[in-house]
Protein chains: 2
Amino acid sequence: MVTTSEAEALEQHPELADLCPMPDIAKLIGGKWKLIILQILIFKGTKRFNELRRMIPGVTQTMLTNQLRALERDKLVTRKVYAEVPPKVEYTATQRALDLEEMFHAMHNWWLRAGD
Amino acid sequence: MVTTSEAEALEQHPELADLCPMPDIAKLIGGKWKLIILQILIFKGTKRFNELRRMIPGVTQTMLTNQLRALERDKLVTRKVYAEVPPKVEYTATQRALDLEEMFHAMHNWWLRAGD
DNA sequence: GATCATAGTCTCGAAAAAGATACTGAAGAT
DNA sequence: ATCTTCAGTATCTTTTTCGAGACTATGATC
């Protein structure tokens, strides 16, 4: 199958250079759960693991752990472990994640407008 | 596996009601290609099928067709077929898609800020 | 007469994402 | 004594997504 490379695409369509790279963005906030998690942590503040789990319909422990770990790696959430029994772990949105607020608002406005 | 239902989640956390439904939004603009396609049609205007194909690195005919069909079903793009040989088909962003401009800008700003 | 371009469709298979299930260990409640 | 809570890990299976390749029609070009 013949597909276009990044270099070719830019060569033939130089005006594409000013569009931001969706694939890179998707790596950070793509997938089924990341936006839901971020939305809660950004707008509702710090949450514990099981709190998040109960707030997100359908998510499994496995997926929640995976996604939180990925978000942590990408510096979008911080994880704080308390040395208690039973365990207590809190997740908080970083400044980098809080900067997404504007995007979430734009999305919300669009959804409201589109929904009629 | 015990997961939370939508009803349970809202019952236990009524403040979630004002967050917009990410799963619904993901159905419209989620996936690997839709945002890239929309970005081009919104900011660069109407394009033909093969024009899009050359502008999007790595996309195959099959996927481009699928995604454009899905976007058409969701009234985010319109498809105009010209009765010519060789075939000519043009894709254009609808007003509903154009309303996403604000969200794209917010995303872009975030990316620029985050990228240092 | 062979090749190219256009905008697809169809079938098959691979890869990635998501999900189910079982397990941990220590404290507190029933 | 057993059950529940908490925040996970490890392994396996299923589902969804993605992609490769061949095929179509017609007209123009080399």
(message) Whole angstroms only, please: what is the CG-P distance between Leu64(A) and dA10(D)?
(response) 17 Å

(message) What's Thr60(B) touching, base or sugar-phosphate or nothing? Going by heavy atoms closer than 4.0 Å.
(response) sugar-phosphate

(message) Any side-chain N or O of Arg69(A) below 4.0 angstrom from OP1/OP2 of dG8(D)?
(response) yes

(request) Go through the steps for Ile25(A) and Leu35(B) under the test side chain to side chain contact (heavy atoms under 4.5 Å, CB included), then give the verdict. (result) CA-CA 10 Å; Ile25(A) 288 181; Leu35(B) 282 180; over 6 Å; no

(request) Can you tell me the distance, in whole Å, between the CG atom of Asn66(A) and the P atom of dT9(D)? (result) 9 Å

(request) Grab the CZ-C1' distance between Arg53(B) and dA20(D) for me, whole Å please. (result) 13 Å

(message) Could you measure the distance from the CE atom of Met22(B) to the CH2 atom of Trp33(A)? Nearest 0.5 Å is fine.
(response) 13.5 Å

(message) Against Ile42(A), only a single residue in Val77(A), Leu100(A), Ile37(A) fulfils side chain to side chain contact (heavy atoms under 4.5 Å, CB included); can you say which?
(response) Leu100(A)

(request) Could you state the atom-to-atom distance from CE of Met63(B) to C1' of dA7(C) in whole Å? (result) 17 Å

(request) Please check the phosphate of dA7(C) (OP1 and OP2 only) for any side-chain N or O of Arg79(B) closer than 4.0 Å. (result) no

Could you go through nucleotides 4-6 of chain D and list every protein N or O atom that sits under 3.5 Å from one of its N or O atoms, giving the distance for each pair?
residue, atom, partner, partner atom, Å
dC6(D), OP2, Asn50(A), ND2, 3.4
dC6(D), OP2, Arg54(A), NH1, 3.4
dC6(D), O3', Arg48(A), NH2, 3.0
dC6(D), O3', Pro87(A), O, 2.9

(message) Within the 3.5 Å criterion, strictly below it, is a donor on Asn66(A) or Arg69(A) matched to an acceptor on the partner's side chain?
(response) no

(message) Please report the distance, rounded to the nearest Å, between OH in Tyr82(A) and P in dG8(D).
(response) 13 Å

(request) Please tell me which of Tyr91(A) and Lys32(B) maps to the more 5' nucleotide of DNA chain D, matching each residue to the nucleotide holding its nearest heavy atom. (result) Tyr91(A)

(request) Round to the nearest Å and state the distance from Ile56(B) atom CD1 to dA7(C) atom P. (result) 14 Å

(message) Tell me if a side-chain donor or acceptor on Trp110(A) pairs with a main-chain N or O of Glu101(B) at a distance below 3.5 Å.
(response) no

(request) Please state how far atom CH2 in Trp33(B) lies from atom C1' in dC18(D), giving the value in whole angstrom units. (result) 9 Å

(message) Counting only heavy atoms not in Glu6(B) (residues, nucleotides, ligands), do more than 12 fall under 6.0 Å from its CD?
(response) no

(message) Filter on side-chain hydrogen bond (donor to acceptor under 3.5 Å, both in side chains), then keep only pairs touching residues 73-85 of chain B, sequence neighbours left out; what's left?
(response) Arg79(B)-Tyr91(B), Tyr82(B)-Glu90(B)

(request) Specify the separation, in whole Å, of atom CD of Gln67(A) and atom C1' of dA18(C). (result) 9 Å

